[in-house]
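Quick caveat, the model's predicted, so the values are computed rather than measured.
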Amino acid sequence: QKLTNPQSKAAVTIAALLAKSDFFATNIRVLDNGEIAAYNAAETVALFTSNKSQEQQVDSLQQVLSKAKINNDKIIKIDLRFQKPVITYK
């Protein structure tokens with residue numbers, strides 16, 4: 001069966017891209033207004049929008065995670081819906 005809902009398509013694309021990243025999603029939810037939330041085992045949430053390139057958003061997420069790993073930062077939320085990611089630290 002073919003997916004026709006743009007949010008569902010975006011969520012599937014994000015899930016596939018996250019599988020190749022350092023963010024190991026344990027749960028992905030489609031929210032209102034074209035938003036998609038991905039959660040990992042450490043309870044970090046990454047917020048995406050279906051209105052922007054999923055590839056660019058996951059690339060931005062990967063950059064944030066790499067920098068956080070180098071700086072030993074603990075992140076609660078990464079909001080990728082905006083031009084620059086908004087990061088909330090523990």
Please indicate whether K77 has more than 12 foreign heavy atoms, meaning atoms of other residues, nucleotides or ligands, lying under 6.0 Å from its NZ. no

Can you sort out the partners of E55 under side chain to side chain donor-acceptor pair (under 3.5 Å), two or more places apart, ordered by chain and number? S53

Under 3.5 Å, side-chain donor or acceptor atoms of residues 42-49 against the rest of the protein: list the pairs with distances, not counting sequence neighbours.
| from | atom 1 | to | atom 2 | distance (Å) |
| --- | --- | --- | --- | --- |
| T44 | OG1 | I75 | O | 2.9 |
| T49 | OG1 | N51 | N | 3.1 |
| T49 | OG1 | N51 | ND2 | 3.4 |

How long is the straight-line distance from CG of D79 back to OG of S60, given to the nearest 0.5 Å? 11.5 Å

Side chains of residues 83-90: which donor-acceptor pairs under 3.5 Å do they make with residues two or more places apart or in other chains?
none

Write out all pairs satisfying side-chain hydrogen bond (donor to acceptor under 3.5 Å, both in side chains) with one or both partners inside residues 10-21, taking only residues at least two apart or from two chains. none

Pairs in or reaching into residues 25-41: which pass side-chain hydrogen bond (donor to acceptor under 3.5 Å, both in side chains), with residues at least two apart or in two chains? E35-R81

How many angstroms lie between atom CG of L18 and atom CD1 of I28, to the nearest 0.5 angstrom? 5.5 Å

Using distance only, find each side-chain donor-acceptor pair of residues 65-73 under 3.5 Å and give its atom names and separation, not counting sequence neighbours.
| from | atom 1 | to | atom 2 | distance (Å) |
| --- | --- | --- | --- | --- |
| S66 | OG | Q62 | O | 3.0 |
| N71 | ND2 | K67 | O | 3.4 |

What are the two closest heavy atoms between A37 and L31, and how far apart are they? CB-CD1, 3.8 Å

